[in-house]
Amino acid sequence: MVDLGQTGEAINAKKFQVYVGTDNEWKLLQNARVMISHPVFREPTTGGTIVTYTGAADNTLSGTLLFTTDEWDTATHGLKALLTVTAATGEVPTSSWVVKFIDAASVTTTLTFANAKLTVADISKSVEGAVKVDITVVCPTVA
């Protein structure tokens, strides 16, 4: 924990936990990153000014997982299941992804992303070390 000045405000960064699905399956993400964003579009007007419009949420969750048989094959929340396109809809399945930030005082801030879709699973093996999977999850909503 770091105190900033005399105000006593603290920066706490103790835990970053990621869960997928309603059964709260834990995902151990290395280099985890959550990006909460909305695109902003600028449109010029005939009067010479600019008007801005905010688009729909464009949130993402990304990070690196160790590639294991369990991580790939778990029935509903394994990478294979989350990347399998459903024939009827032509879409990958959606699921809830939950991110919990826990500070040094054990206060939890929770972000819940409903209808999130795993869009990238980049599997790689460096010269030394484990086989890893870089993932990106598109999260259209946050609660």
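Everything numeric in this text was worked out from a predicted model, so none of it was measured. Start at 1 with the first residue, then count along the sequence.
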Heavy-atom side-chain contact between [X] and [Y] under 4.5 Å:
X      : Y      : result
Ile36  : Leu111 : yes
Phe101 : Phe16  : yes
Gln30  : Leu66  : yes
Thr110 : Lys100 : yes
Leu65  : Leu79  : yes
Thr119 : Val92  : no

Report yes or no: does [X] contribute a side-chain atom to a donor-acceptor pair with the main-chain N or O of [Y] at less than 3.5 Å?
X      : Y      : value
Thr136 : Val120 : no
Thr68  : Glu71  : yes
Asp58  : His38  : no

Aromatic ring pairing Phe67/Trp72, orientation class (parallel under 30°, perpendicular over 60°, tilted between):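 Answer is tilted, since the angle falls between 30° and 60°.
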Spacing of OG1 belonging to Thr60 relative to CZ belonging to Arg33, to within rounding of 0.5 Å: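 Going from OG1 on Thr60 over to CZ on Arg33, the span is 7.0 Å.
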Distance (rounded to the nearest 0.5 Å) between Lys27 NZ and Leu82 CG: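 These two atoms lie 6.0 Å from each other.
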Check against side-chain contact (heavy atoms from CB on, under 4.5 Å), Thr86 and Glu91: CA-CA 6 Å; Thr86 306; Glu91 296 286 333; 5.8 Å; no
Do you reckon [X] sits in the same ILVMFWY cluster as [Y], going by side-chain contacts under 4.5 Å, direct or chained?
X     : Y      : result
Leu83 : Ile123 : yes
Val98 : Val20  : no
Val18 : Met35  : no
Val34 : Val138 : no

Minimum heavy-atom distance [X]-[Y], with the two atoms named:
X      : Y      : result
Ser96  : Ala114 : OG-CA, 3.9 Å
Cys139 : Ala116 : SG-CB, 4.1 Å
Ala81  : Ala75  : CB-O, 3.1 Å

Qualifying residue for side chain to side chain contact (heavy atoms under 4.5 Å, CB included) with Thr64, from Ile135, Leu29, Asp134, Leu28: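 The passing option is Asp134.
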Criterion side-chain contact (heavy atoms from CB on, under 4.5 Å) on Phe113 and Val137, from CA distance to verdict: CA-CA 10 Å; Phe113 299 100; Val137 180; over 6 Å; no
